[in-house]
Amino acid sequence: MVLLDVSSIIFRLRGGLELTCQLDSTDGPSVQQTLSEAFRRLCSKIRSESLVFSVRNSHILIWPNKGVHIIPDEVTENTPCKDIQHHIQAEENDSGKKSFKKKDKKGTTTSVINIDLMMEMTEPSHLSAPTLTRRNRKQHSVRMTLPMDCVASVPTDDNIGAVSGRLVGALCDQLADMEKVVLQHMKGTSLLLPQPLHFLLPEPAGLVTAVYPAGVPDSRLEFVRKELHGRFELPDDRPCFRRANAFHFPDEPYKDGYLRNPHTAVNLPTMENAKPYLVQGVYSYHHYMQDRMDDNGWGCAYRSLQTVCSWYQQQGYVDREVPSHREIQQALVDVGDKPAAFVGSRQWIGSIEVQVVLDQLLGVTSKILFVSQGSDLASKGRELANHFQAEGTPIMIGGGVLAHTILGVLWSETTGQIKFLILDPHYTGGEDLQLITDKGWCGWKGPEFWDKNAYYNLCMPQRPKTI
Amino acid sequence: MFTPNPRIGVKQVECLVKMGRAYCVDDLVEKYLVSLPTVDASYITGLLIGQILVQKDYVVLAAQTPQREKEAQSGGPTGGRAASSLDDIDLQWVSEHARQVSQMLPGGLSVLGVFLIHPPELSKEAQNTLRRLIFAVDKRISKGRLWQLKAEDVSERVMLQICSKTRKAICRTFDVRDPKCSAKPADWKYQSGVAGSWQALQCSVELDLGIPISETSSTNVEKCTKEGLQRWAKQIETGLCLINGKYLADNFDMTSGQKKSAKGAQPKLQAQILIQAAGLGAEQRSTASVLASSGFLTVKGVVHCRAYVYTNKPRAWQAVEAIKRDVMDTVSCRTEMLFEDLLMNEGDSDKGAVGGLQPLPLRVFAPVPGAGFCVCDYMFPDESVVDVRRRFKEMLDCDVPEETIDTSQEAAAEDSEECTNNGAPEIPTEASKSPKSLRPYIGVGIAAGVALLATALSLLYLDITN
């Protein structure tokens, strides 16, 4: 997972802006002109003195266009960003408990300062008489709340004045992007809501924002992504700008409850001349007893498969949700691999079934690596390192009576020494990252981890070439 | 000798608290009530005006119901006949008075209830009559309001019943939220200086509202306007309010740090209202809403808003609520007035009259003699302070010298005609050019009277969409 520089702070500005306009006619050019005019009006509103930024969970208010006026007085335009955090109170989460920020991650998360977009109604720049105007004309009244969402990742020493200036600019840029998207996807008077999404790209690009039309599936936006991949010089064989690739802000918990990438909390063991080769991107940890499903003793391969599926979903390759045990069984019945009675049973599956299901449900092909005895796994360093470099997908491994997920290897090309980063689906507890890493449910294992005498099949899913 | 038992003492205090609301009334109100001539008239009704607070209400003004023209001619409500009953009290007339008075009160001040001065033989009837009056008045003044009473708002309204002969006064309250409620005793106490100690709070609010008029059916016009204004009002209600550039905690005492010496001469506090740019989440739709409309209303310009809080440790939240409600009220009552006015003119001009640009009436303020607060009025372009002065007299029974009427808070329409709508050419109409007749107010005796006013809006809408 790409992490942001910890010496920076993300400012995230959100709020709805209401776009309204009156269409006298519904012919394309005139609608276009009226819409552009409405966007221009919004932009001048953003540039006006009425614009206010409200720092969430604090009493800080910033008027960025009023010579950067800030209240309370102890915060000024020259206050460094990092000091703003002292004014922010811990947010109460849904359960009413004070949220606790895990300190054990030693500052590996970047802090996010959330800002709400506000408008001042008072102190107008000039007095003008109140009037009521009525136009009697058949028209179409268009109204749409634009979900503005701008980010600025700034060094902690930067001052607030500079940041608020950047955010005003970002708002106007985003309005321009939204206008483009709305006009591009306009059909008659049907106007799609433009939705901004943020993506974390490798430096120097960092966090970038793209605006997509609501309701248009990723599959129909490939031309947009092509352009973005080109602009940011990204490889054109893997998705970077699908909606599923959107940046997940560190202050927002995943709503589904599954842990993401627990291995990032595990320290790398020391090994001379060795290099780690790890899973790329984001997966979720699936294990026994989740989803109100008691699969203790038989579901480990299903769970490992779910972890693999979660990777494909979260990398944006597939829209499909992670399949349940039953859906996995049904898929095996559908391809004729199992009899109908298999659905709803507690029968085990192995690496080959995992391969079949990935093909059937996700259209993903996998290579099978056969290892006749566990002790031979120690010599598979090169194959595994190549896999993680080229494909970067989690590997499901089955052997004896157990299934595991391999998330990476630490391998020395010179000595052949190897360790395996294992994610264990047999864990039956709750989603407690501390416990999971302390007890080794996710952790580095030596070659002795494998049963010397059992044979193993590794299902190595391949990455489709697509954006 | 009797030794008071302290335990019993405490209990009695609790009983008193539960017994009813306390009304702290300015001496001037007493003077006014005493001055009302009860010889000619068999009975007199009127309104009590002041501020509602959690513990007690402060009463600063009383104003008798204006006489209708025919009564004025015949000299009193019962025209010299001996009043045998209160049945001829006109609920609509009194509540229309209350509505118009409400429009003349800045934020924080409101109609608190009704008084009735009656001959001794009618004392039995009085309470029932007052009860009906209170409910009718409340219904009338809440209609058209853009905000709702909150659960924590005091919903008790006061009735004061005075016997014209004995001068004995009975004070009771009714809970307007409970139509079945019975009268509760309340404490009515005169005190000097209540009308003098008020802290003003003001702001100018920039309006820029666009309201599409749905074309589906003509009756929707009223709904559209109301909905449009309500959407805007919701933003004000949920907005953030700063006072003198500062965020104040709800229970902050607004007078803390002020010098108490200069009585009634406290500088006005400046309020600022910040709104969430637009509510997200409430309407998460993936396309723009496109409404076929037959017309479009725009309300633009700057309105001056003012509120008062009684200076006995006023809390920030009270001030904030008072000014926010004033913002909403001044817009809703002005648009309503304009519609009424247009309808009045429509009688003798063509149907297309409602269109183009109409200046909203200007809000003007005048200090109440002997009091530390102002009342307000709305002045149409063809009116002058003379009309305003007359209305203050008529509605509030209050003599305000013309030279004290402040017309400077809002810009007059002439100056800003060119900066109205962006680009869209206005359709010039008869009405926007022709001089308007006097705004109808009840004392001038409109033939059709109150009932016509009540239906004004819907009639108007029917006309303009045809």
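Since the structure is predicted, the reported quantities are computational estimates derived from the model, not experimental observations. Each chain gets a letter, A, B and so on, in the order its sequence line appears, and its residues count up from 1.
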Show your reasoning for whether side-chain contact (heavy atoms from CB on, under 4.5 Å) applies to B:Leu274 and A:Met119. CA-CA 5 Å; B:Leu274 277 52; A:Met119 286 288 167; over 6 Å; no
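- Of the possible donor and acceptor atoms, none in the side chain of A:Thr122 sits under 3.5 Å from a partner among the backbone N and O of B:Ser204.
- Among A:Lys45, A:Gln139, A:His69, the residue making the largest number of heavy-atom pairs under 4.5 Å with chain B is A:Gln139.
- In this structure, the separation between OG on B:Ser289 and NE2 on A:His140 is 11.5 Å, given to the nearest 0.5 Å.
- Annotation for A:Glu74: atom CD counts as buried by contact number, over 12 foreign heavy atoms lying within 6.0 Å.
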Name the atoms and distances for all side-chain donor-acceptor pairs under 3.5 Å in residues 209-225 of chain A, with sequence neighbours left out.
| unit_1 | atom_1 | unit_2 | atom_2 | d |
| --- | --- | --- | --- | --- |
| A:Thr209 | OG1 | A:His198 | ND1 | 2.9 |
| A:Tyr212 | OH | A:Phe241 | O | 2.6 |
| A:Asp218 | OD1 | A:Arg243 | NH1 | 3.0 |
| A:Asp218 | OD2 | A:Arg243 | N | 3.3 |
| A:Arg225 | NE | A:Ile467 | O | 3.4 |
| A:Arg225 | NH1 | A:Asp218 | O | 2.7 |
| A:Arg225 | NH2 | A:Asp218 | O | 3.3 |
| A:Arg225 | NH2 | A:Ile467 | O | 3.1 |

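- What you find for B:Gln409 and A:Leu127 is that their closest heavy atoms are O-CD1, 4.0 Å.
- For A:Asp319, the CG atom is loosely surrounded, since the number of other residues' heavy atoms within 6.0 Å does not exceed 12.
- For a residue to count as touching a neighbouring chain, one of its non-hydrogen atoms must lie under 4.5 Å from one of that chain's; by this rule B:Val303 touches chain A with the side chain only.
- At a 4.5 Å heavy-atom cutoff, B:Arg363 makes no contact with chain A through either its backbone or its side chain.
- Heavy atoms of B:Leu209 lying under 4.5 Å from chain A are absent altogether.
- Using a 4.5 Å cut-off between heavy atoms, B:Ile211 makes no contact with chain A at all.
- Listed here is the closest heavy atom pair of A:Ser141 and B:Pro212: OG-CB, 2.9 Å.
- The line from CD of A:Gln195 to OG of B:Ser286 is 7.5 Å long, rounded to the nearest 0.5 Å.
- The heavy-atom pair separating A:Ile71 from B:Leu242 by the smallest distance is CD1-CD1, 3.9 Å.
- Of the residues considered (B:Ile273, B:Thr287, B:Val205, B:Val299), B:Ile273 shows the highest number of contacts with chain A, using heavy-atom pairs under 4.5 Å.
- Note: B:Leu357 CG to A:Leu132 CG = 8.5 Å, rounded to the nearest 0.5 Å.
- In this structure, chain B has heavy atoms under 4.5 Å from both the backbone and the side chain of A:Val142.
- When the candidates B:Ser293, B:Ala288, B:Gly245 are compared by the number of heavy-atom contacts under 4.5 Å with chain A, B:Ser293 comes out ahead.
- Among residues two or more places apart in sequence or in another chain, the salt bridge (charged side-chain N to carboxylate O under 4.0 Å, His left out) test is passed with A:Asp256 by A:Arg260.
- Between atom CD1 of residue B:Ile213 and atom CZ of residue A:Arg135 there is a gap of 13.0 Å, rounded to the nearest 0.5 Å.
- The minimum heavy-atom distance between A:Met118 and B:Gln276, with the atom names listed, is CE-N, 3.8 Å.
- The contact between A:Thr189 and chain B is made by backbone and side chain atoms together, counting heavy-atom distances below 4.5 Å.
- Counting heavy atoms from C-beta on, the side chains of A:Glu18 and B:Arg231 come closer than 4.5 Å.
- For the atom pair CD of B:Glu206 and CD of A:Glu123, the computed distance is 11.5 Å after rounding to the nearest 0.5 Å.
- Nearest heavy atoms, B:Pro359 versus A:Thr131: CA-CG2, 4.1 Å.
- A:Arg134 is not listed as a side-chain neighbour of B:Phe296, based on a closest heavy-atom distance of 4.5 Å or more.
- A distance of 13.5 Å separates OH in B:Tyr247 from CD1 in A:Ile60, rounded to the nearest 0.5 Å.
- Within 6.0 Å of NZ in B:Lys234 there are 12 or fewer heavy atoms belonging to other residues, nucleotides or ligands.
- In this structure, chain B has no heavy atom under 4.5 Å from any part of A:Leu19.
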